[in-house]
Amino acid sequence: AQSVAQPEDQVNVAEGNPLTVKCTYSVSGNPYLFWYVQYPNRGLQFLLKYITGDNLVKGSYGFEAEFNKSQTSFHLKKPSALVSDSALYFCAARSGAGSYQLTFGKGTKLSVIP
Amino acid sequence: NAGVTQTPKFRILKIGQSMTLQCTQDMNHNYMYWYRQDPGMGLKLIYYSVGAGITDKGEVPNGYNVSRSTTEDFPLRLELAAPSQTSVYFCASSSSGGPLAGELFFGEGSRLTVL
């Protein structure tokens, strides 16, 4: 069975500092990995994905994520946090072997402090 | 450019009542999904569809039904509402079942309370 873990319920970071939101996964075969962001009372928005290729993927709003196969991790990063980055972030994964079911983590609340 | 539209945004039901959450998308996506989001639990897949006339169960299908008569519409039916179905429901779509299947477009959600 697929699973995604986000070990931190909340991450606090000062504006201008780098941020990291952690994610580890367990899927059979090659993983397809995703990050989504949710602002209050809104649906989720796609940020970035890893399918294959370069382990560092770049996405929307200056976010990037690093795929580490040996550690089964896909951490979300940004070099300099903005107050507007404050939101709920979800990591998601699916097996590349034809499964349509995307498994989500529980979410991490990011608060960027001015 | 509407994307994925869900109605209603809010609804209060009494135990045992029935209702349908509507979802429509204007992106001509073949793949559509219904998720529920509970606090601290992430999103759980209820049902999904890979095209008109084809639906399948997700992780938590009990108490729900779906149909897909057109590419655009994917309604979710609750037949006998129970307090455990109090949640925020999200409809989503994607353009394919390949690598893009995880790149979902979400509606803004429907908040359902069962009392």
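In what follows, chains are A, B, ... by sequence order, proteins preceding strands, each numbered from 1.
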**Message:** Count I, L, V, M, F, W, Y as connected when their side-chain heavy atoms are under 4.5 Å apart, and connections chain through other members. Are A/Val11 and A/Leu47 then in the same cluster?
**Reply:** yes
**Request:** Only counting residues at least two apart or in another chain, list the ones meeting salt bridge (charged side-chain N to carboxylate O under 4.0 Å, His left out) with B/Glu79.
**Result:** B/Arg77
**Message:** Please tell me whether B/Tyr64 and B/Leu21 are part of a single hydrophobic cluster in this structure, the criterion being side-chain heavy atoms less than 4.5 Å apart.
**Reply:** yes
**Request:** Would you kindly confirm whether B/Phe74 and B/Val88 end up in one hydrophobic cluster when ILVMFWY residues are joined by side chain heavy atoms under 4.5 Å apart?
**Result:** no
**Request:** Check the hydrophobic clustering (I, L, V, M, F, W, Y; side-chain heavy atoms under 4.5 Å; chains of links allowed) and say if A/Val13 and A/Tyr39 are grouped together.
**Result:** yes
**Prompt:** Excluding sequence neighbours, so at least two apart, what forms salt bridge (charged side-chain N to carboxylate O under 4.0 Å, His left out) with B/Lys44?
**Reply:** B/Glu59
**Asked** Looking at side-chain heavy atoms only, is the closest gap between B/Leu43 and A/Thr103 below 4.5 Å?
**Response** no
**Asked** Passes side-chain contact (heavy atoms from CB on, under 4.5 Å), A/Phe46 versus B/Phe105? Steps please.
**Response** CA-CA 7 Å; A/Phe46 169 78; B/Phe105 293 79; over 6 Å; no
**Fill in**
All heavy atoms of B/Phe90 vs all of A/Gln38, minimum pair found to be CZ-NE2, 3.3 Å
**Message:** Any side-chain to backbone donor/acceptor pair from B/Tyr33 onto A/Leu102? Under 3.5 Å, distance only.
**Reply:** no
**Message:** Does any backbone or side-chain atom of B/Gln37 lie under 4.5 Å from a heavy atom of chain A? Answer side chain, backbone, both or neither.
**Reply:** side chain
**Message:** Evaluate A/Tyr36 against B/Leu104 for side-chain contact (heavy atoms from CB on, under 4.5 Å), listing each step before the verdict.
**Reply:** CA-CA 9 Å; A/Tyr36 284 82; B/Leu104 304 181; 3.5 Å; yes
**Request:** Pick one of side chain, backbone, both or neither for A/Asn41, based on which atoms fall under 4.5 Å of a heavy atom in chain B.
**Result:** both
Enumerate, atom names and distances included, each donor-acceptor pair closer than 3.5 Å involving a side-chain atom of residues 78-90 of chain A, sequence neighbours excluded.
from, atom 1, to, atom 2, distance (Å)
A/Lys78, NZ, A/Tyr61, O, 3.2
A/Lys78, NZ, A/Asp85, OD1, 3.0
A/Lys78, NZ, A/Asp85, OD2, 2.8
A/Ser80, OG, A/Gly16, O, 3.4
A/Asp85, OD2, A/Leu82, N, 2.9
A/Ser86, OG, A/Val83, O, 2.9
A/Ser86, OG, A/Val112, N, 2.9
A/Tyr89, OH, A/Asp85, O, 2.6

**Fill in**
Here the gap from A/Lys49 atom NZ to B/Glu103 atom CD, rounded to the nearest 0.5 Å, amounts to 4.5 Å
**Asked** If you draw a 6.0 Å radius around CD1 in B/Ile12, do more than 12 non-hydrogen atoms from other residues or ligands fall strictly inside?
**Response** no
**Fill in**
So CD of B/Glu108 and CG of A/Leu44: to nearest 0.5 Å the spacing works out to 11.5 Å
**Prompt:** Residues of residues 48-57 of chain B under 4.5 Å from chain A (heavy atom pairs)?
**Reply:** B/Tyr48, B/Val50, B/Lys57
**Request:** Against chain B, label A/Gln45 side chain, backbone, both or neither, depending on which of its atoms sit under 4.5 Å from a heavy atom there.
**Result:** neither
**Asked** Got A/Phe104 and B/Leu45 here, is their nearest side-chain heavy-atom distance under 4.5 Å?
**Response** no
**Asked** Under a single-linkage definition using a 4.5 Å side-chain heavy-atom cutoff for Ile, Leu, Val, Met, Phe, Trp and Tyr, are B/Ile46 and B/Tyr35 assigned to the same hydrophobic cluster?
**Response** no
